[in-house]
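Bear in mind the structure is a predicted one, so any value in this text is a computation, not a measurement.
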Amino acid sequence: MSQVNRPDTFELVDVPDGVEKVTFEKDKKVENAGKFIVEREDHTLGNTVRMQLLQDDRVLFAGYRMPHPLEPKLNIHVQTTRETTPSDAVISACNALMDSLNRIEEKFDAEVARKQHEMAY
């Protein structure tokens with residue numbers, strides 16, 4: 001099966017020169033809302049960030065979409081209460097995700113070390 005329309009792998013990862021990794025567009029109709037456009041990311045990041053945003057009581061809406069399957073771009077839509085801004089909510093969500101990933105890494109490393117110690121005896 002030919003995949004003529006499929007982009008080369010490097011196009012799915014490398015952000016081209018002059019293109020920002022993340023940009024923000026304020027919603028012109030809805031207060032405290034906007035769209036984050038994230039280059040070279042997919043559903044993995046979109047769904048993870050969306051789920052983390054929805055755990056924040058200050059977030060009224062969080063969703064994401066991929067504009068086109070062959071376009072490696074992610075749109076994350078966020079609406080917040082007046083207590084915070086969409087940018088602050090996304091930063092908070094990303095920090096919480098990084099903390100979670102660090103805890104997972106620490107537990108993984110500890111378990112690997114434990115298993116290696118057991119195997120040594």
If you round to the nearest 0.5 Å, how far is [atom2] of [Y] from [atom1] of [X]?
{"X": "His43", "Y": "Arg50", "atom1": "NE2", "atom2": "CZ", "answer": "11.5 Å"}
{"X": "Thr81", "Y": "Arg58", "atom1": "OG1", "atom2": "CZ", "answer": "7.0 Å"}
{"X": "Asp56", "Y": "Thr80", "atom1": "CG", "atom2": "OG1", "answer": "9.0 Å"}
{"X": "Glu31", "Y": "Lys26", "atom1": "CD", "atom2": "NZ", "answer": "7.5 Å"}
{"X": "Asn75", "Y": "Ile37", "atom1": "CG", "atom2": "CD1", "answer": "5.5 Å"}

Within a radius of less than 6.0 Å around [atom1] of [X], do more than 12 heavy atoms belonging to other residues, nucleotides or ligands occur?
{"X": "Glu118", "atom1": "CD", "result": "yes"}
{"X": "Asp57", "atom1": "CG", "result": "no"}
{"X": "Arg82", "atom1": "CZ", "result": "no"}

Glu83: partners by side-chain hydrogen bond (donor to acceptor under 3.5 Å, both in side chains), with sequence neighbours left out: none
Salt bridge (Lys or Arg N to Asp or Glu O under 4.0 Å) partners for Lys28, two or more places apart: none
Pair Lys35 + Glu25, salt bridge at N-O below 4.0 Å: yes
Considering all heavy atoms, the nearest Pro86-Gly34 contact: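 Result for this residue pair: CG-N, 4.2 Å.
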For Val38, the rest of its hydrophobic cluster, which grows through side-chain links under 4.5 angstrom: Val22, Phe24, Phe36, Leu45, Val49, Leu53, Val59, Tyr64, Met66, Leu74, Ile76, Val78, Val90, Leu97
Candidate pair Lys73 and Glu41, rule salt bridge (Lys or Arg N to Asp or Glu O under 4.0 Å), full reasoning: CA-CA 6 Å; Lys73 184 184 290 189; Glu41 295 295 345; over 6 Å; no
Check against salt bridge (Lys or Arg N to Asp or Glu O under 4.0 Å), Lys29 and Asp27: CA-CA 6 Å; Lys29 296 180 181 178; Asp27 194 303; over 6 Å; no
Residues 102-110 side chain polar contacts: donor-acceptor under 3.5 Å, at least two apart:
from	atom 1	to	atom 2	distance (Å)
Asn102	ND2	Met98	O	3.2
Arg103	NH2	Ser100	OG	3.2

Residue pairs passing the side chain to side chain donor-acceptor pair (under 3.5 Å) test where at least one lies in residues 87-96, sequence neighbours excluded: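 Those involving residues 87-96 are Thr85-Asp88.
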For His117, all residues meeting ring pair (Phe, Tyr, Trp, His ring centres under 6.0 Å), sequence neighbours excluded: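 So His117 forms a ring pair (Phe, Tyr, Trp, His ring centres under 6.0 Å) with Tyr121.
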Non-hydrogen side-chain atoms of Pro69 and Glu71 separated by less than 4.5 Å: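 Result no, sub-4.5 Å side-chain heavy-atom pair not found.
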